[in-house]
Amino acid sequence: MNVKKNEVLGLVGESGSGKSTLGKSIIKLLQPSRGQIYFNNENISEYSNKQMIKIRQKMQMIFQDPFASLNPRKNILDTLIEPILVHNLMKKNEAINYIKEIINDVGLPIESLRRFPHEFSGGQRQRIGIARALVLKPEFIVADEPVSALDVSIQAQVLNLLEKLKKTYNLTMIFISHDLSVIEFFCDKVAVMYLGHIVEIAPVSKLFNSPKHSYTRALLSAVPKVKGKDKEKILIKGDIPSPINPPSGCVFRTRCPNPGIDCKGGNIEMGLIEIEPGHWVDQCCVNCN
Amino acid sequence: MRILLKIALGITFIFSSLSFINSANALDIVFAEDRPDLRTLDPRITQSRHEEMLIVNMFDQLISADSEGNIYPGLATSWDVSSDGLEYTFSLRDDVSFHDGTKFNAAAVKATFDSIVDPETGSQGAVDILGPYKETIVIDDFTAKVVFERRYGSAITAFTETELSIVSPTALDKLGNEGFGMAPVGTGPFMFKNWEANKKVELVRNPDYNWAPEYMDGSGPSQVANLTYRLIKDTSTRVAALEAGEVDIAELVPPLDMRRFDSSGDLSTVTGTVSGLPYSAFLNTTTGVFQDVNVRKAFFHSLDRVKMTSDLFFGYAEAAFGPISSSTPSYWSGNEDYYPYNPEGAAALLDEAGWKMGSDGVREKNGEKLTVFFPCLLEPDTCVAIQGYANKVGFDVNVEVVMKARQDELIFANGYDMLVIRWVSLDPGVLIIPFHSRNIPQPGKFKFNWARYANAELDQLLEDAESAETQEVKDDLYMQIQKHIMDQAIFLAIHDQVQTVAYNPDLEGVRFANGNWQMRMYDVRKK
Amino acid sequence: MNFFIKKLLIVIPTLYIAWTVVFVTLNIIPGDPVNLMLGGRPASDEVRENVRKNLGLDKPVFERYTSFLINATKGDLGKSYLTRQPVTTMIKENMMPTIELSIGGLIFGVFFGVFFGIFAGTKPNSMRDTFSMIIALCGISLPSFWIGMMLIYIFGTTLGWVPIVGEGFVSLILPSITVGLFFAGGMARLTRSSLVDVLNQDYIRTARSKGISKYRIVLRHSLRNAMIPPVTLLGIQFGLLITGAVITEEVFARPGLGQLLLQAILAKDIPLVQALVVYMTAVYIFLNLVVDFTYGIIDPRIRLERNRG
Amino acid sequence: MKNFSIILKRFLLNKGSAFGGIFLLIIIIGAIFAPLIAPYNWNEVDTGPRLAPPSWDFLFGTDIHGRDVFSRIVYGARYSLSVGVISVLFGIIAGSIFGITIAYIGGRVDIIGSRIIDVMFGFPSFLLSLLVVAIIGVGLWNVVFAVGLASIPHFARIIRSAALQVKEQPYIEACVNMGFGKIRIMFNHILPNIFPIIIVIATMDLGGAIISIASLSFLGLGAQPPEPEWGAMLSSGREYMRYAPWTMIYPGLFLFLTVMSVNLLGDRLSIALDARQSVDKGKV
């Protein structure tokens, strides 16, 4: 999986499918158990904490829960200025002016700087969270379900804001969500995850128009459409299996609506195959369909 | 709820219905001794008056002395001193045996004295009291000749001291030095029975005892069948136990209680003024502010010893002025003219010595404070009183109430400015112990010259006095010694030591041993 | 059973580490033990060397350490510098008065603590609740040495009701109160709060709706559950009994381990301090183990939960 | 802070904490303005007759040295309060550093650190204080140190478990993400968030610390004469209990009331800040 500059990759899947884990592993908040991570062609997967500090400045994260992700004992100015000072990006006076700019950009009044997180609404807090991700002038941001904890009405505002900021700040992003409509609106490319595995990657239009993997299809059919006719819904049976003890072979086989015989027996290894340029699907599903 | 209340009442009832039963029998005497931490009951080793409190009742000496210091035949019926004063020939009683059945004889005397000077024994008191001892010659079974290296003027007194008690040589062989101290065997009126560490020591009467000195009232075995020493450190508990009738005799009764008993008549009392070194403080001449003799003198002048003593002892003790107490032989009354209470004089001396009064009431010189570190092992209240008086003229006295182990450490490390001492002794010869320069403590060598005062002239005087030929010469030498010590202001006497004893008024025959500290229990009987 | 074995396996290394701490700390005390052993007696170098050999101080530290641990396991902890008796004998001799005192304090503390706890907990926020809790607060706030002296002054000296000294049951009353008071206070507060919690639970309400009387509920049904936190307190508070023993024995001039410990510390009698600490930590850890087991017996769920964890 | 006024209100409306607060305030004022309040010098012997009973001249009587007991108690407040606070501060700072560090670093460090705490719990804390005094010697400040040291395992254990909870919060993750150093995260971000718990356990322990220090002084290991520390005053008044009970009653009474006030405040503070639960959790 790779993300090009100025591109937004959507990461979608049910809860528990490992989206957040993958997101956090990419920026090394979690140590990945296997696989390699390259950032600007640099392999950072074995970097020590010290080596990471410089890289950290360039990759940031927007957290899912705007309530728990802000330190309740720090006012907004402190929250925003601390990273700048830690990384010695600018002097204190400059930093304050810079923060004012950002605060303005995320649509908060300047007075908010002196306030504490508990004085803000959820939407406002998420704007603060976004501002915090931006202060270090990152090149790359992982947004971990940035709107899922918000009211629907506010979700749109925040998404619009992100859309705007993406352009102004030339951001490259991984956008994690379980909400396909949000992904469709926001992303250039989508990766679908199931139980810790990416089962399909494709540009947004391709994925939404011709999904190849049964799981992707099932997901898409579950999205309520305002326009157009209701397609036949594909129902997935049962619960998601335990990630600690996943099924052998294709992890989706226990819930697949139309599994092949080999697949059922768990005899097929997982792995992505490029079926057309830019569209990758898990080989299992390619075979069984 | 009611059930719980009933249970509560029931328990209270059980508690209150049990009355306290007192089973003390008049002839089973219980003596409340002050110190719990006795370490040895070996007269040859001890230097502790508290251990001697028991030892004095289990052992006899060659010569016996009453509380006034009058001399009577003891284990020796008579003695001759050679004309050069070097040889003391004792004729011994032939009817005495030790508690273990060993016959008392000249060999026992020789064994005792020889073992005292053996460094392996580790004698603390006896070895000094035995002075320039050379050897003991067994002339026959019941004649022993003790020979000194040089004339020893204090010899007769020395032979009356508890430390030179004669011990059973067979028991020594059997038990060794350490074992003997835990289960001593002597010839005295009481025999060792049992010792519960920190709690009590039990003695029983010696049924064969028939050699009591003639100044005693009784003869034959004592009327006291069982003699128990309860070791009660806490003063108020000791007094409470006495009042409750749990103990018959208690030592070191606080003056206020003595006063109460005297006026109520509920208990009999007896007070002894102890001879030897009074309760006094050494001023360290080798370190700190007391290196300057004028500072020492100023310190002496700052104390109102008379008022202090009467305030703390309510008339049961007298202030002391000299290096030895007024009841000790060769005491020089000139001591009393030194260092009267004179705070102005003290201030003037300090001013002259360059110690100027600071804003906080503590004097200073070159940025250094007039601070005195005073580890206090004995009588914390007296230490505080000294601190309070000295404070008024600008001394900053840091009192630390210490235990012996800590004091020992400080002595080895020379880490003190003053230290208190008191010493029971029958003879001014004791002065050589705290004032001869050979007795300055060194790391690992525990000695008692805590002023750390070294002066050849004083050393010579002390040595001469020890072997003085006549009483006049002896008195004169000790006068010079006392004068020297007073002139140098190295030893600050505060008050005479007193032994305050209260006892069951049904008893009589409670008497002090020589020195007025230990109690001889042999004569105690019911009225 | 697994639970007990697991607990035991944790106890043993804990004990050994604790003993190691004791050994290390006591061996950094300044001062030459030989001087302490000689008690300030003047002695020749030969004698000093002998003493050093007798104390085993001529051996290297590590050897002394291992032999200390081995001997401690065997129950032999050497001889006191002061009395030259084996320290185990001294501990044995002084053990009984302290055990009596601890049991007395424990009985007083548990009885009055539980009594006031129930008294208050069965009717929360009433006058009697407030009253009981004020008493409990006094219990935990009273310095035991002061209350001991006050008891002596009031009941011994002034009223003459109880003997201050002596042995036997009656003379144990005041010291037991002194030791038990703090304990009673803590116990009362804990019993009250856990009783209030338990009484608010559904099964108690069910029982009450069935018409079972309140006190029957308290005694038969809720007390058992309500006693779990106070029982834990028992184990933790053993430390308080040691504190109590040191201070109460000093105030009442009773012999016992507390006095022994205090004297040993003041006199720097290292073998004795060492032995007492070894002994007390062993008892402390053992008691906490017993409490853990009791805990498991009172409420089997805890055993299961802990097994999992 | 908005919560603060609510806490304050809850706090002041309670009779218990009001009493505790007022009494403590009186004691603190007394300690600060001791020279103005005390009628006599605390260390001057013979300010009056010896062992004089309480009177208008000597409110709480005099002791064996003729010193005014009231003046000594007023000055003694300086000792008794400050030693308690300093000892708890020492314990809580060391306990916080230890607890937060092992909780945050986690892994093997946490296992070993927790084991150390467990072992130290194997020593009853008073025994630990006595041991420390045996090593460093007697004296008021040594005792303060010893009592503080002995309280570290208790504090460290509670603070560790509180820090473990905070450590899992996303805002700490955010700090890591922004490349903050460990020390900055531990003490600039975790510490402020467990501060209420620290305040509560410190207050709840203060009473115990004051009593422990006074007890050690009473045993002769702490304050040395003539320092008017209350425990030491009790110890020296003991011998004259029968003839001058006031030398023993009043220092003890003040010690008792001070400790009770502190305990009342601690109780109310824990309820007011609602931190009790987390404290209790920390203990298990």
Side-chain angles (χ1 to χ4, degrees), chain B residues 233-240 243 252-261 302-304 307-308 310-314 341 343 360-362 373-377 379-393 395-403 405-407 409-410 413 415, chain D residues 35 40-53 62-69 71-72 75 130 133-143 216-229 231-248:
Chain B
K233 184 193 67 170
D234 179 55
T235 314
S236 46
T237 311
R238 204 161 59 240
V239 173
E243 290 186 84
L252 287 171
V253 174
L256 278 167
D257 292 304
M258 290 290 277
R259 193 170 65 171
R260 181 160 57 92
F261 299 149
S302 71
L303 306 181
D304 187 348
K307 181 170 188 312
M308 193 194 290
S310 85
D311 282 342
L312 289 171
F313 288 89
F314 300 90
Y341 178 51
D360 55 349
V362 177
F373 176 47
F374 182 13
C376 174
L377 179 69
E379 297 183 17
D381 277 337
T382 311
C383 298
V384 170
I386 293 171
Q387 188 269 343
Y389 275 106
N391 188 249
K392 287 180 178 173
V393 301
F395 281 97
D396 174 26
V397 181
N398 291 329
V399 177
E400 181 187 323
V401 178
V402 294
M403 297 299 282
R406 166 93 168 126
Q407 176 171 299
E409 262 172 41
L410 292 168
Chain D
Y40 305 97
N41 180 346
W42 62 271
N43 191 25
E44 190 165 330
V45 297
D46 290 324
T47 48
R50 277 143 203 268
L51 303 180
T62 62
D63 68 3
I64 181 68
H65 300 291
R67 296 177 297 194
D68 180 36
V69 173
S71 304
R72 287 177 66 74
Y75 275 95
L130 279 177
V133 175
I135 295 162
I136 61 177
V138 302
L140 188 56
W141 296 109
N142 289 0
V143 162
L216 289 164
S217 283
F218 171 78
L219 295 174
L221 302 168
Q224 295 298 318
E227 290 170 326
E229 198 271 340
M233 283 177 75
L234 266 163
S235 159
S236 57
R238 184 174 165 206
E239 198 178 317
Y240 305 98
M241 180 163 84
R242 181 184 204 111
Y243 303 97
W246 49 89
T247 55
M248 160 203 101

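Note: hydrogens, waters and symmetry copies are ignored here, and every other heavy atom, side chains too, is used.
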Notebook entry, point to check: Are the side chain of D/Glu239 and the backbone N or O of B/Ser236 linked by a donor-acceptor pair below 3.5 Å?
Noted result: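 Between the backbone of B/Ser236 and the side chain of D/Glu239 there is no qualifying donor-acceptor contact (under 3.5 Å).
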Notebook entry, point to check: Based on non-hydrogen pairs under 4.5 Å, which of B/Glu400, B/Arg406, B/Arg260, B/Met308 is most in contact with chain D?
Noted result: B/Arg260
Next item on the list: Flag the one option from B/Val384, B/Val402, B/Asn391 with the top tally of heavy-atom pairs under 4.5 Å to chain D.
Entry: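 Heavy-atom pairs under 4.5 Å are most numerous for B/Val384.
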Note to self: If I measure from the heavy atoms of chain D, does B/Asp257 come under 4.5 Å with its side chain, its backbone, both, or neither?
What the structure shows: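 Both parts, backbone and side chain.
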Item checked: Segment of B/Phe314 engaging chain D (4.5 angstrom heavy-atom cut-off) ->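 The side chain, not the backbone.
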Check: Do B/Gln387 and D/Pro226 come within less than 4.5 Å of each other through their side chains, counting heavy atoms only?
Finding: yes
Checklist line | Gap separating the CG atom of B/Leu256 from the CZ atom of D/Arg242, nearest 0.5 angstrom | finding: 10.5 Å
Note to self: Under the rule for ring-ring contact (aromatic ring centres under 6.0 Å, His included), what residues qualify as partners of B/Phe313, not counting sequence neighbours?
What the structure shows: B/His495
Item checked: Nearest non-hydrogen partners of D/Arg238 and B/Asp234, listed with the distance -> NH2-OD1, 3.2 Å
Donor-acceptor contacts, no H, no angles, side chain residues 44-51 of chain D, under 3.5 Å, sequence neighbours left out:
unit_1	atom_1	unit_2	atom_2	d
D/Asp46	OD1	B/Lys307	NZ	3.2
D/Asp46	OD1	D/Arg50	NE	3.3
D/Asp46	OD1	D/Arg50	NH2	2.7
D/Asp46	OD2	B/Lys307	NZ	3.4
D/Asp46	OD2	B/Tyr389	OH	3.3
D/Thr47	OG1	D/Gly66	O	2.6
D/Arg50	NE	B/Asp311	OD2	2.9
D/Arg50	NH1	D/Ile64	O	2.8
D/Arg50	NH2	B/Asp311	OD2	2.9

